[in-house]
Visitor: 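Mind having a look at this structure? Questions to follow.
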Amino acid sequence: FDTVSNGYVPVGVNGTIFVTTNGVLYDTGADNTTNSTGHLLAYFNPTASYTPGDQSWRGGTNKDVCYFNTNTSIVFNVSVYGDLDSSIVTPVPTTEYLRGNNITIVIHLDNDLLVPADGAAMNMTLTNENSQNFDCSPITALGGGDYSCLINTSTPRWLPARYYNISIYANKSYHNPDNTTTPNVFFITTRPNLTNINVTSQQGGTTGGWGETWSFNVTVTDEDLDNVTIALKVKKSTDPDTSWVTINGSSFTTNPDLVSPINKTITLTYKNPLTFKDSQGGWNYRFESEDDHILGSNSSIGNFTIEKDD
């Protein structure tokens, strides 16, 4: 504004707008010329030289042949916002955790100056293949831009098996929030689960003659969808644990029910008159298993009784 002519300056007058870089010190200014209405405009895109937060600015005529260098008497404010960028320190993508173990997640947060961003608020959300979400909390600030959270795969919440994405939402004053999702960060693996065992003699029940064919049943589940191989073992009830002998088995290579089994009932049969005739009395049986991850488990122990043939 020209106080002599009591009007706005004409088009083409040189001017400069100055902005503080740290709330106190001004930059070297952005030069431009006035438009047809006498306004001085400047496009301000803060660089790494500007600290996020409230900055002051002022401007006026500058380096013009017809007007003295003059700044506005009023100082105006402009808020500078930085960006946040998160990255996963641990776990390394596709890391596997056995059901029941703890998972420690460490997130590193930088601003757009590549300076560690401490003092941010953060949420960590774990999402599995069925789009189920699990919050990891509490989150602990470790310093140096690192934030940590620990979650157990089975307690107090049961985390379903297989892959999980990690989504990070981080917010800090005078920063644009970071909202980043990283797929398949970790995998929860499980042992085969062998349940509902039972045995039936040829005549029915858990007692039968030494010459009968026996049917042994087990329900097999491997929650992480591994393929499974099972073995059926027996021993005399009075024999020590070192006496288990494998008498039958089944593998996913020949039995499609053991390919990624979920609640599949497997039946194995056995007949051995030569052994059972001379070893009548109480017997134990159990199933053993192993999956693609070389993880194994045993069923509970069942009982059956060999008696004289009818």
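This is a predicted model, so every value here is computed, not measured.
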Visitor: Identify the heavy atoms of Thr153 and Gly100 that sit nearest to each other, and give their distance.
Guide: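 Residues Thr153 and Gly100, closest heavy atoms: OG1-N, 2.6 Å.
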Visitor: One pair to check against salt bridge (Lys or Arg N to Asp or Glu O under 4.0 Å): Asp291 and Arg191. What are the steps and the verdict?
Guide: CA-CA 7 Å; Asp291 65 15; Arg191 298 181 185 276; over 6 Å; no
Visitor: Minimum heavy-atom separation for Thr104 to Ser148, with atom names?
Guide: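 In this case the closest contact between Thr104 and Ser148 is CG2-OG, 3.9 Å.
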Visitor: How far does CD1 of Ile197 sit from OG1 of Thr195, to the nearest 0.5 angstrom?
Guide: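 Atom-to-atom, Ile197:CD1 and Thr195:OG1 are 9.5 Å apart.
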Visitor: Could you give all pairs that pass the side chain to side chain donor-acceptor pair (under 3.5 Å) test and reach residues 113-125, with sequence neighbours left out?
Guide: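 Qualifying pairs, neighbours excluded: Thr125-Asp135.
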Visitor: Going only through I, L, V, M, F, W and Y residues with side-chain contacts under 4.5 Å, is there a path from Val89 to Ile151?
Guide: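 Hydrophobic grouping puts Val89 apart from Ile151.
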Visitor: When rounded to the nearest 0.5 angstrom, what distance separates CG in Asp85 from CD1 in Ile168?
Guide: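 So the CG of Asp85 and the CD1 of Ile168 are separated by 11.5 Å.
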Visitor: Taking the six-membered ring of Trp244, is the NZ or CZ of Lys233 close enough (under 6.0 Å from the centre) and on axis enough (within 45°)?
Guide: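 No, Lys233 does not lie over the aromatic ring of Trp244.
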Visitor: Side chains of Val220 and Leu258: closer than 4.5 Å at any heavy-atom pair?
Guide: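 They are in contact (side-chain heavy atoms under 4.5 Å apart), so the answer is yes.
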Visitor: I need the full list of ring-ring contact (aromatic ring centres under 6.0 Å, His included) pairs touching residues 144-168, with sequence neighbours left out, sorted by first then second residue.
Guide: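 Qualifying pairs, neighbours excluded: Tyr163-Phe187, Tyr164-Phe186.
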Visitor: What pairs with Thr238 under side-chain hydrogen bond (donor to acceptor under 3.5 Å, both in side chains), at least two apart in sequence or on another chain?
Guide: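 Counting only residues at least two positions away or on another chain, Thr238 forms no side-chain hydrogen bond (donor to acceptor under 3.5 Å, both in side chains).
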Visitor: Is the closest side-chain heavy-atom distance between Asn176 and Leu84 below 4.5 Å?
Guide: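 No. Closest side-chain heavy atoms not under 4.5 Å.
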Visitor: Establish, from distance only, whether the side-chain atoms of Thr20 and Gln55 form a donor-acceptor pair under 3.5 Å.
Guide: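 The answer is yes; a qualifying pair exists.
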Visitor: So which atom in Met122 and which in Ile139 form the shortest heavy-atom distance, rounded to 0.1 Å?
Guide: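 The answer is O-CD1, 3.1 Å.
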Visitor: Examine the side chains of Thr190 and Asp222 and answer whether a donor and an acceptor come within less than 3.5 Å of each other.
Guide: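 Checked: Thr190/Asp222 side chains pair up, N/O donor to acceptor below 3.5 Å.
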Visitor: For Pro261 versus Asp226, what's the shortest heavy-atom pair and its separation?
Guide: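 Residues Pro261 and Asp226, closest heavy atoms: CD-O, 3.3 Å.
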Visitor: Mark yes or no for whether Thr221, through its side chain, and Ile262, through its backbone, hold a donor-acceptor pair below 3.5 Å.
Guide: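 Between the backbone of Ile262 and the side chain of Thr221 there is no qualifying donor-acceptor contact (under 3.5 Å).
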Visitor: Quick check against the 3.5 Å criterion: does Asn248 have a side-chain atom that pairs as donor or acceptor with the backbone of Leu232?
Guide: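 Not confirmed, Asn248 side chain does not pair with Leu232 backbone.
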Visitor: Using the rule given for side chain to side chain contact (heavy atoms under 4.5 Å, CB included), can you reason through Tyr169 versus Asp178, listing the C-alpha separation, both sets of side-chain angles and the distance that settles it, and then say yes or no?
Guide: CA-CA 6 Å; Tyr169 181 83; Asp178 172 72; over 6 Å; no
Visitor: Hey, does the side chain of Glu288 reach the backbone of Ala231 with a donor-acceptor pair shorter than 3.5 angstrom?
Guide: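 Checked: no pair found.
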Visitor: With sequence neighbours excluded, what pairs up with Tyr97 under the ring-ring contact (aromatic ring centres under 6.0 Å, His included) test?
Guide: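 With neighbours one apart ignored, the set is empty.
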Visitor: Using side-chain heavy atoms (C-beta onward) and a distance below 4.5 Å, is Leu295 in contact with Thr189?
Guide: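 Of all side-chain heavy-atom pairs linking Thr189 with Leu295, at least one is under 4.5 Å.
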Visitor: Taking the ring centre of each residue, are Phe44 and Trp57 less than 6.0 Å apart?
Guide: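 When the ring centroids of Phe44 and Trp57 are compared, they turn out to be at least 6.0 Å apart.
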Visitor: Please evaluate residues Asn303 and Asn284 with respect to the criterion side chain to side chain contact (heavy atoms under 4.5 Å, CB included), reporting the C-alpha separation (whole Å), side-chain torsions for both, the decisive distance (0.1 Å), and the verdict.
Guide: CA-CA 5 Å; Asn303 304 300; Asn284 299 142; 2.7 Å; yes
Visitor: Any chance you could measure Thr51, atom OG1, to Leu25, atom CG, to the nearest 0.5 Å?
Guide: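 Reported value, rounded in 0.5 Å steps: 10.0 Å.
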Visitor: With no hydrogens and no angle check, do the side chains of Ser79 and Asp54 hold a donor and an acceptor under 3.5 Å apart?
Guide: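 Side-chain D/A pair, Ser79 to Asp54: present.
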Visitor: Would Ile247 and Leu194 show up in the same hydrophobic cluster when neighbours are defined by side-chain heavy atoms closer than 4.5 Å?
Guide: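 Looking at the clustering, Leu194 is in the same group as Ile247.
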Visitor: Is the backbone of Asn69 close enough, under 3.5 Å, to the side chain of Lys63 for a donor and an acceptor to pair up by distance?
Guide: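 The answer is no, because no donor-acceptor pair under 3.5 Å joins these two groups.
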Visitor: Taking His39's backbone N and O only, do any of them form a donor-acceptor pair with Thr34's side chain (distance below 3.5 Å, no angle check)?
Guide: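 Checking the backbone N and O of His39 against the side chain of Thr34, no donor-acceptor pair under 3.5 Å is found.
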Visitor: Please examine the side chains of Ser56 and Val19, heavy atoms only from C-beta on, and report whether any two atoms are closer than 4.5 Å.
Guide: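 Heavy-atom side-chain distance check fails, nothing below 4.5 Å.
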Visitor: How would you list, by chain and number, every residue that makes a ring-ring contact (aromatic ring centres under 6.0 Å, His included) with Trp210, sequence neighbours excluded?
Guide: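 Testing Trp210 for ring-ring contact (aromatic ring centres under 6.0 Å, His included), a comparison that skips the adjacent residues, returns none.
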Visitor: Before we go on, tell me: are the rings of Phe216 and Phe304 under 6.0 Å apart, centre to centre?
Guide: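 Under 6.0 Å, so yes.
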Visitor: Identify the two heavy atoms, one from Thr229 and one from Ser251, that lie closest to each other, and give their separation to 0.1 Å.
Guide: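 So the two residues come closest at OG1-OG, 3.2 Å.
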Visitor: For Asn14 and Thr33, test the side chains for any donor-to-acceptor distance below 3.5 angstrom and give the result as yes or no.
Guide: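 No, no side-chain donor-acceptor pair sits under 3.5 Å.
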Visitor: Do Phe134 and Val185 share a hydrophobic cluster, counting only Ile, Leu, Val, Met, Phe, Trp and Tyr and linking them when any side-chain heavy atoms are less than 4.5 Å apart?
Guide: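 Phe134 and Val185: one cluster.
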Visitor: Check ring-ring contact (aromatic ring centres under 6.0 Å, His included) between Tyr81 and all other residues, then give those that pass, not counting sequence neighbours.
Guide: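 Partners of Tyr81 under the ring-ring contact (aromatic ring centres under 6.0 Å, His included) test: Tyr174.
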Visitor: Tell me, yes or no, whether the heavy-atom count around Lys264 atom NZ, taken from other residues, nucleotides or ligands under 6.0 Å, exceeds 12.
Guide: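 Atom NZ in Lys264 is not packed in, count stays at 12 or less.
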Visitor: If you compare all heavy atoms of Gly209 against all heavy atoms of Gln203, which two are closest, and at what distance to 0.1 Å?
Guide: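 Smallest interatomic distance, heavy atoms only, reads N-NE2, 3.8 Å.
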Visitor: If we only count heavy atoms from C-beta on, is the Asn217 to Thr267 side-chain gap below 4.5 Å?
Guide: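 The answer is yes; the side chains approach within 4.5 Å.
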Visitor: Any donor-acceptor pair under 3.5 Å linking the side chain of Gln202 with the backbone of Thr213?
Guide: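 Indeed, once roles are kept as given, a pair shorter than 3.5 Å links the two residues.
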Visitor: So does Pro240 get a backbone contact from the side chain of Ser243, meaning a donor-acceptor N/O pair under 3.5 Å?
Guide: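 Indeed, once roles are kept as given, a pair shorter than 3.5 Å links the two residues.
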Visitor: About how many Å separate CG of Asn62 and CG of Asp64, when rounded to the nearest 0.5 Å?
Guide: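 Here the rounded value is 9.0 Å.
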Visitor: Could you tell me whether the side chain of Ser279 and the main chain of Phe276 form a donor-acceptor pair under 3.5 Å?
Guide: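 Here the side-chain-to-backbone pair does not exist.
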Visitor: Taking C-beta and beyond as the side chain, do Ile266 and Ile230 meet within less than 4.5 Å on heavy atoms?
Guide: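 SC-SC contact between Ile266 and Ile230 confirmed.
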Visitor: When you group the ILVMFWY residues by side-chain heavy-atom contacts below 4.5 Å and let the links chain together, are Val75 and Phe18 in the same group?
Guide: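 Looking at the clustering, Val75 is in the same group as Phe18.
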Visitor: Does the side chain of Leu41 come within less than 4.5 Å of Asn35's, by heavy atoms?
Guide: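 Yes; the side chains approach each other to less than 4.5 Å.
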Visitor: If hydrophobic clusters are built by linking Ile, Leu, Val, Met, Phe, Trp and Tyr wherever their side-chain heavy atoms come under 4.5 Å apart, do Ile17 and Ile74 end up in the same one?
Guide: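 They do share one cluster, since a chain of ILVMFWY contacts under 4.5 Å joins Ile17 to Ile74.
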Visitor: List the steps and the verdict of side-chain hydrogen bond (donor to acceptor under 3.5 Å, both in side chains) for Tyr50 and Asp27.
Guide: CA-CA 9 Å; Tyr50 297 84; Asp27 60 15; 2.4 Å; yes
Visitor: Nearest 0.5 angstrom please: His175 NE2 to Leu109 CG, how far?
Guide: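 Interatomic distance, His175 NE2 to Leu109 CG, rounded to 0.5 Å: 8.5 Å.
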Visitor: Can you tell me how far the CG atom of Leu126 sits from the CD1 atom of Ile166, to the nearest 0.5 Å?
Guide: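 Nearest 0.5 Å value for the CG-CD1 distance: 6.0 Å.
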Visitor: Using a 3.5 Å distance criterion without hydrogens, assess whether the side chain of Arg162 forms a donor-acceptor pair with backbone atoms of Asp224.
Guide: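 The answer is yes, because a donor-acceptor pair under 3.5 Å joins these two groups.
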Visitor: Side-chain contact, heavy-atom cut-off 4.5 Å: Thr61 with Phe68?
Guide: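 No. Closest side-chain heavy atoms not under 4.5 Å.
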Visitor: Any cation-pi pair here, Arg58 with Tyr26, using under 6.0 Å and within 45°?
Guide: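 Because its charged atom sits under 6.0 Å from the ring centre and within 45° of the axis, Arg58 does stack over Tyr26.
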Visitor: Determine whether Asn165 and Thr181 satisfy the following criterion, side-chain hydrogen bond (donor to acceptor under 3.5 Å, both in side chains), listing intermediate values before the conclusion.
Guide: CA-CA 7 Å; Asn165 304 337; Thr181 297; over 6 Å; no
Visitor: Pairing donors with acceptors under 3.5 angstrom, does anything connect the side chains of Ser297 and Ser289?
Guide: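 Side-chain D/A pair, Ser297 to Ser289: present.
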